[in-house]
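For reference, the structure discussed in these notes is given below.
Note on naming: letters A, B, ... go to the chains in the order of the sequence lines (proteins, then strands), and numbering restarts at 1 for each one. Everything quoted here is computed from the prediction, not taken from an experiment.
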Amino acid sequence: MTIQERTARPKRAMEQKWQTRWETDRLYRSSVDWNRPKHYALTMLPYPSGDLHMGHWFAMTPSDTRARYMRMKGFNVLFPMGFDAFGLPAENAAVQRGIHPARWTFGNIERMRGQLRSMGAMFDWEREAVSCEPGYYKWTEWFFKKFYEAGLAYRGEAMVNWSPTLQTVLANEQVIDGKDERTGQPVIQKMMTQWFFRITHYADELLSFAGLDWPEPIRTMQTNWIGRSEGARVIFHTEEGDPIEIFTTRPDTLWGATFMVLSPEHPLVARITGKAQREEVEEYVKTAARKSELDRTSEEQEKTGVFTGGYAINPVNQERIPIWIADYVLISYGTGAIMAVPAHDERDFAFARAYGLEIRPVIQPDDVPEGFCETQAYSGAGRMVNSGRFNGAISNGEKGRKNPAISAVIDWLGEQGIGREAINYRLRDWLISRQRYWGSPIPMIYTEDGNILPVAESDLPVVLPEDVQMTGVGNPLRQHEGFVNTTAPDGRPALREIDTMDTFMCSSWYWYRYLSPQETAQPFSTEEAAYWLPVDVYTGGAEHATMHLLYARFFAKAMRDIGAFDATMAAMQARGRNPKVLTTGEPMLMLRNQGQILGEERSGHFVRARGRWDGANKLFADEVEVIDPAEVANGDPMAVVTSGFPTAEDASSGVVTGEIVKRTENLLTIASPSGDLKTVEVIAGARVIIPDIPGENTVNQLKHHLEIQRMSKSKGNVVNPDELVDLYGADTVRAYLMFGFDWEKGGPWNSQNIQGVVRWLDDVWEMIVNIEVTGAGDPAVERQIERRVHQTIKSVGEKLEAFNFNKAIAELMTLKNDLRAAVRDAKISHGAFHEAAKNMLLMMAPFTPHIAEELWVYIGEAYSIHQQAYPTYDPAKAAEETTTLVVMKNGKPIDRVEVAVGIGEEDAKAAALASAGARRALDGGTPRRVVFIAGRGDLNVEPKVNIVV
RNA sequence: GCCGAUGUGGUGGAAUGGCAGACACGAUCGCCUCAAAAGCGAUUGCUCGCGAGGGCAUGUGGGUUCGACUCCCACCAUCGGCACCA
């Protein structure tokens with residue numbers, strides 16, 4: 001070994017050199033090649049919010065690593081990228097800063113393109129798609145039109161958050177505590193006619209995940225979201241004869257219905273309300289309109305409701321029962337009305353108790369005495385009672401037809417013409433209308449004589465006009481006459497639909513557009529689709545579990561049913577590929593979710609603020625002094641700030657001490673040693689002393705405490721990837737994100753731990769570039785290195801396939817440690833070292849593509865490393881000769897014995913019992929039992945012997 | 001509230017029911033240096049013991065098992081989603 005003159009590991013310049021070269025060589029352009037197996041790797045596309053943040057790197061670079069690995073394993077890989085570019089933040093920017101949504105969006109996209117390139121990912125930029133470009137949203141509109149023509153889109157009523165002040169609809173996130181977040185004015189719930197997609201048509205199909213490798217929790221969440229329940233629809237009538245349809249999963253309890261409850265929005269409410277109750281009912285309806293659905297259905301809420309004065313007739317026994325309204329019944333679920341059976345339903349029970357309504361048991365459990373319904377509802381099995389002809393029928397606690405009582409009652413309801421068997425879903429149809437400007441137009445027109453017609457295909461896209469006034473009041477499209485006024489096919493004037501589409505619509509089909517983003521004749525190219533579809537692996541955040549991923553599945557099924565895949569399937573057939581992968585209507589075969597990167601915890605400045613008290617909790621400060629952490633001897637800054645003051649918050653002293661937990665401009669919130677929060681207003685011209693920062697200090701330099709929470713600009717806890725890339729290089733940032741976290745879990749950012757991957761890459765560089773390996777080498781050490789290389793080839797591959805990026809890098813670090821020890825001890829020849837280094841670089845290439853390429857070329861191998869195959873695992877070379885037999889006493893290890901791999905049960909037990917640890921533990925006695933656990937040579941699992949005493 | 005997940009050293013995290021803490025960060029000590037940083041070497045879950053060697057430890061409390069971070073039951077805490085943020 002010879003130490004040469006050291007060359008420091010280059011970072012940004014070297015990385016940019018390779019990025020340019022790869023781009024020039026079109027290394028990552030992917031094209032159809034029927035002679036090679038394809039792999040479509042997709043990662044969720046970003047919303048162009050301004051800057052790429054750590055979360056994007058965390059989502060995309062591991063996905064890139066896995067895509068690169070698949071490429072080295074021989075797949076023809078497609079790994080595209082684009083922008084989900086319509087949405088609310090662009091409108092907010094327009095209203096708040098007067099910048100046009102389009103300019104804001106495209107400016108951000110341009111910026112983010114550059115940031116995405118710095119990752120060194122293998123994105124095929126020729127396939128980039130941007131959802132707010134007419135070439136893209138033409139097809140979003142086209143899908144709407146096709147769905148409409150297929151009966152999958154319709155007009156219906158839905159509640160919106162209506163701001164009377166702004167004359168506009170607000171998003172849920174814009175409503176805080178029932179008030180508009182911007183103006184603080186009240187927001188009401190209002191019914192509005194809007195466009196829906198009939199996703200419920202596919203409810204049953206969406207419950208099937210056959211052939212999909214999706215995480216179990218996601219499948220469970222989707223199943224619960226769809227919420228299929230079996231039961232019956234039953235028609236009650238008011239005394240006046242108006243029908244009220246209800247859905248129940250418990251028709252066997254119909255005889256226990258002692259009242260009905262309508263949702264406050266139910267259309268019959270006004271009709272049945274009696275004169276005496278009118279005022280109270282109207283007041284209640286108004287109050288309910290101010291509440292969110294979440295509040296209304298919360299079990300913690302006190303059940304509220306009012307009597308309408310009306311009565312209904314129970315069709316099974318002709319009983320007259322009162323009709324109430326209550327906000328725990330939602331108009332959007334079932335029929336918006338329920339029969340209330342307080343004896344056998346928790347919520348009905350709580351309501352009946354609160355308003356003194358009758359509770360009548362109709363299911364009698366076998367082993368519980370009479371009066372069992374006095375303290376809580378009973379929802380278990382039993383015999384029907386108080387139910388006329390059905391008395392004695394067994395209700396076995398099962399749902400639907402599996403319950404004999406329910407089954408018998410359903411049949412009887414049908415015979416009597418009172419009701420029928422029915423299935424209800426919690427899933428609601430997809431409301432796609434948005435009363436916003438920055439979205440894809442809905443290609444529909446309204447004629448003078450009241451017809452609603454789709455825009456002709458030749459007239460698509462309906463282009464979003466650019467010359468609008470964004471004021472935050474009203475809908476800008478309504479005020480745009482050139483947009484609103486159009487002509488019907490018969491030449492007469494007509495009005496355009498001014499609602500635009502939910503942005504989930506744009507993101508429900510983008511992976512098809514990636515196939516051919518320049519295509520003008522159809523949404524995607526048939527030839528590309530026949531080769532690449534479906535997506536093989538989709539990665540993204542688990543927060544999209546239900547909505548985006550259900551919409552994506554719905555879209556694929558709807559596309560299938562309108563024939564959008566017919567040509568593609570024919571082309572597949574012609575190529576000898578089974579088109580069945582498209583007939584299932586499933587867009588992605590495999591799904592994996594990453595966790596979230598959170599902000600790093602940071603303590604705030606510990607300060608002494610001096611000034612004048614204004615009441616007990618507020619101080620006007622003319623001086624704020626930060627305690628220098630370096631001066632804190634015992635590590636407790638709180639003790640230092642309080643020292644020297646008799647009482648820290650002594651009213652006469654005019655001093656507040658403690659940690660800044662929050663700062664808004666010149667208002668500080670300070671947590672005092674006792675834990676009390678004090679407000680300190682730093683007056684203009686106050687002296688601010690921060691020892692760390694030389695010169696004159698200002699209040700804006702004071703740091704407040706940061707909790708571990710989502711990174712966001714407003715919280716001031718954003719870690720900027722660009723700065724880290726400048727400092728360490730993209731390889732290091734990529735590797736750290738993959739090594740420092742469990743990818744599926746995420747976690748708080750830690751700026752210290754990145755040193756681990758810095759040293760890893762430094763060591764690899766040092767070993768290959770700065771040390772000349774000479775000498776003969778030690779055959780035993782060289783054999784051991786070869787063994788470790790092959791074990792690592794296997795484990796890194798397995799771990800990457802399983803998305804265990806942190807474990808894969810740990811394996812690579814371990815291999816580096818072993819190789820470095822061999823080099824340091826001069827136990828390896830140049831040839832053996834070269835072979836090991838070559839394999840190690842090939843394994844590193846997917847993770848750290850730039851340094852791998854640089855060193856690959858440095859050791860004299862042919863460019864590019866990214867066109868090489870992943871090394872082949874040789875079990876013979878990986879095999880161990882000996883292994884450690886673990887001797888245990890009652891499951892706890894007490895000794896270890898070196899034995900041959902594959903040792904048999906008898907030999908292992910004998911060796912274990914002969915060990916020093918076993919003799920000590922047994923102390924001459926005999927074990928009660930001896931258990932042998934065989935080793936697994938292929939998995940490097942050691943054999944064990946458990947001695948039970 | 002409902003649905004889903006998570007909980008392991010000072011920190012990030014490893015462990016098909018079979019050696020808990022791999023791989024790292026940090027810390028401590030030593031080497032190098034005029035010094036510092038970097039680098040190199042060693043130690044590092046807690047605890048009793050001079051030592052050999054014990055005991056205790058995976059959110060809490062139970063259970064199953066020769067053996068439980070892992071499986072089951074109950075509870076606590078935290079995170080994601082709840083239909084107009086994306």
Protein-nucleic acid N or O pairs under 3.5 Å, nucleotides 83-86 of chain B:
from: B:rA83; atom 1: N6; to: A:Arg426; atom 2: O; distance (Å): 2.9
from: B:rA83; atom 1: N1; to: A:Arg428; atom 2: N; distance (Å): 2.9
from: B:rC84; atom 1: OP2; to: A:Arg434; atom 2: NH2; distance (Å): 2.8
from: B:rC84; atom 1: O4'; to: A:Arg434; atom 2: NE; distance (Å): 3.2
from: B:rC84; atom 1: O4'; to: A:Arg434; atom 2: NH2; distance (Å): 3.4
from: B:rC84; atom 1: O3'; to: A:Asn172; atom 2: N; distance (Å): 3.3
from: B:rC84; atom 1: O2'; to: A:Asn172; atom 2: N; distance (Å): 2.6
from: B:rC84; atom 1: O2'; to: A:Asn172; atom 2: OD1; distance (Å): 3.3
from: B:rC84; atom 1: O2; to: A:Arg436; atom 2: NH2; distance (Å): 2.0
from: B:rC84; atom 1: N4; to: A:Gln194; atom 2: OE1; distance (Å): 3.1
from: B:rC84; atom 1: N4; to: A:Gln435; atom 2: OE1; distance (Å): 2.5
from: B:rC85; atom 1: OP2; to: A:Asn172; atom 2: N; distance (Å): 3.4
from: B:rC85; atom 1: OP2; to: A:Glu173; atom 2: N; distance (Å): 3.1
from: B:rC85; atom 1: O4'; to: A:Glu173; atom 2: OE1; distance (Å): 3.0
from: B:rC85; atom 1: O4'; to: A:Glu173; atom 2: OE2; distance (Å): 3.4
from: B:rA86; atom 1: OP1; to: A:Leu88; atom 2: N; distance (Å): 3.0
from: B:rA86; atom 1: O3'; to: A:Asp84; atom 2: OD2; distance (Å): 2.5

Partners meeting ring pair (Phe, Tyr, Trp, His ring centres under 6.0 Å) with A:Tyr425 (sequence neighbours left out): none
Determine which nucleotide pairs with B:rA14, using a 3.5 Å limit on both distances of a Watson-Crick or G-U wobble pair. none
When the ring centroid of A:Trp195 is compared with that of A:Phe144, is the distance short of 6.0 Å? yes
Measuring only the P atom in each nucleotide, how far is B:rU58 from B:rG53? A whole number of Å is fine. 25 Å
Taking a pair to mean Watson-Crick or G-U wobble geometry with both distances below 3.5 Å, B:rU65 pairs with none
More 5' along RNA chain B: A:Glu216 or A:Ile947, using each one's nearest nucleotide? A:Glu216
Does B:rC82 have a Watson-Crick or wobble mate here (both distances under 3.5 Å), and if so which one? B:rG1
Review item, side-chain donor-acceptor pairs of residues 153-160 of chain A, under 3.5 Å, at least two apart:
from: A:Tyr154; atom 1: OH; to: A:Asp429; atom 2: OD2; distance (Å): 2.6
from: A:Arg155; atom 1: NH1; to: A:Tyr446; atom 2: OH; distance (Å): 2.8
from: A:Glu157; atom 1: OE2; to: A:Thr193; atom 2: OG1; distance (Å): 2.8

G-U wobble or Watson-Crick pairing nucleotide for B:rA42 (cut-off 3.5 Å, both distances): B:rU28
Separation of B:rG26 atom P from A:Glu600 atom CD, nearest Å, is 13 Å
Give me, pair by pair, the N or O atoms of the protein and of nucleotides 41-52 of chain B that are less than 3.5 Å apart, along with how far apart they are.
from: B:rG41; atom 1: OP1; to: A:Arg824; atom 2: NH1; distance (Å): 2.5

For nucleotides 18-21 of chain B, list the nitrogen or oxygen atoms of the protein found under 3.5 Å from its nitrogen or oxygen atoms, one pair per line.
from: B:rG18; atom 1: O2'; to: A:Lys944; atom 2: NZ; distance (Å): 2.6
from: B:rG18; atom 1: N2; to: A:Asn946; atom 2: ND2; distance (Å): 3.3
from: B:rC19; atom 1: O2; to: A:Arg896; atom 2: NE; distance (Å): 2.8
from: B:rC19; atom 1: O2; to: A:Arg896; atom 2: NH2; distance (Å): 2.6
from: B:rC19; atom 1: N4; to: A:Glu942; atom 2: OE2; distance (Å): 3.3

Which of parallel (below 30°), tilted (30 to 60°) and perpendicular (above 60°) describes A:Trp438 and A:Phe86? perpendicular
In whole Å, measure the gap between the P atoms of B:rG51 and B:rU47 for me. 14 Å
Distance from A:Ser751 atom OG to A:Leu724 atom CG, nearest 0.5 Å? 8.5 Å
Could you state the atom-to-atom distance from CG of A:Asp818 to C1' of B:rA22 in whole Å? 12 Å
Ring centres of A:Tyr538 and A:Trp214 under 6.0 Å apart? no
Report which part of the nucleic acid A:Gly746 touches: base, sugar-phosphate, or nothing (heavy-atom distance under 4.0 Å, all strands). sugar-phosphate
Taking the C1' atom of each, how far is B:rA68 from B:rG61, in whole Å? 16 Å
Side chains of A:Gln791 and A:Glu811: donor-acceptor distance under 3.5 Å anywhere? no
Does B:rC2 have OP1 or OP2 under 4.0 Å away from a side-chain N or O of A:Asn224? no
Regarding B:rG67, purine or pyrimidine glycosidic angle vs 90° from 0 gives anti
State whether A:Phe209 and A:Arg553 meet the cation-pi test: NZ (Lys) or CZ (Arg) under 6.0 Å from the six-membered ring centroid, and within 45° of the perpendicular axis. yes
Atom C1', compared across B:rA57 and B:rC19: separation rounded to whole Å: 15 Å
Check whether the ring centres of A:Tyr328 and A:Phe351 lie less than 6.0 Å apart, and answer yes or no. yes
Which of parallel (below 30°), tilted (30 to 60°) and perpendicular (above 60°) describes A:Phe555 and A:Trp430? perpendicular
Quick one: is B:rG67 close enough that its OP1 or OP2 comes under 4.0 Å of any side-chain N or O from A:Lys889? no
Could you tell me how far B:rC31 sits from B:rG49 if I compare only their C1' atoms? Round to whole Å. 32 Å
Short N/O separations, protein against nucleotides 23-25 of chain B, under 3.5 angstrom:
from: B:rA24; atom 1: OP1; to: A:Asn817; atom 2: OD1; distance (Å): 3.3
from: B:rA24; atom 1: OP1; to: A:Asn817; atom 2: ND2; distance (Å): 2.4
from: B:rC25; atom 1: OP1; to: A:Arg759; atom 2: NH1; distance (Å): 2.4
from: B:rC25; atom 1: O2'; to: A:Asn753; atom 2: OD1; distance (Å): 2.6

Salt-bridge criterion met for A:Glu905 and A:Lys909 (N-O under 4.0 Å): yes
Write down the distance separating the C1' atoms in B:rU78 and B:rU8, rounded off to the nearest Å. 16 Å
Just checking, any donor-acceptor pair under 3.5 angstrom between side chains of A:Gln189 and A:Glu265? no
A:Trp743 has an atom CH2; how far is it from atom C1' of B:rG80, in whole Å? 15 Å
Rounded to the nearest angstrom, tell me the gap between atom CG in A:Leu598 and atom P in B:rA5. 19 Å
Spatial distance of atom CG (A:Leu812) from atom CG (A:Leu819) [nearest 0.5 Å]: 12.0 Å
Taking only the P atom of each, what is the distance from B:rU70 to B:rA37 in whole angstrom? 44 Å
Side chain to side chain contact (heavy atoms under 4.5 Å, CB included) assessment of A:Arg820 paired with A:Glu766: CA-CA 10 Å; A:Arg820 200 162 79 107; A:Glu766 177 78 6; 5.8 Å; no
Checking ring pair (Phe, Tyr, Trp, His ring centres under 6.0 Å) against A:Tyr202, which of A:Phe554, A:Tyr551, A:Phe197 comes through? A:Phe554
Nucleotide B:rG55, atom P - distance to CD1 of A:Ile894 in whole Å: 11 Å
So which nucleotide does B:rU60 pair with, by the Watson-Crick or G-U wobble rule with both distances under 3.5 Å? B:rA74
So, A:Tyr736 versus A:Phe741, ring centres under 6.0 angstrom or not? yes
Spacing of the P atoms in B:rC66 and B:rC76 (rounded, Å): 32 Å
Opposite nucleotide pairing with B:rA20, Watson-Crick or G-U, both atom distances under 3.5 Å: none
Rounded to the nearest Å, what distance is computed from the CD1 atom of residue A:Ile597 to the C1' atom of nucleotide B:rC79? 14 Å
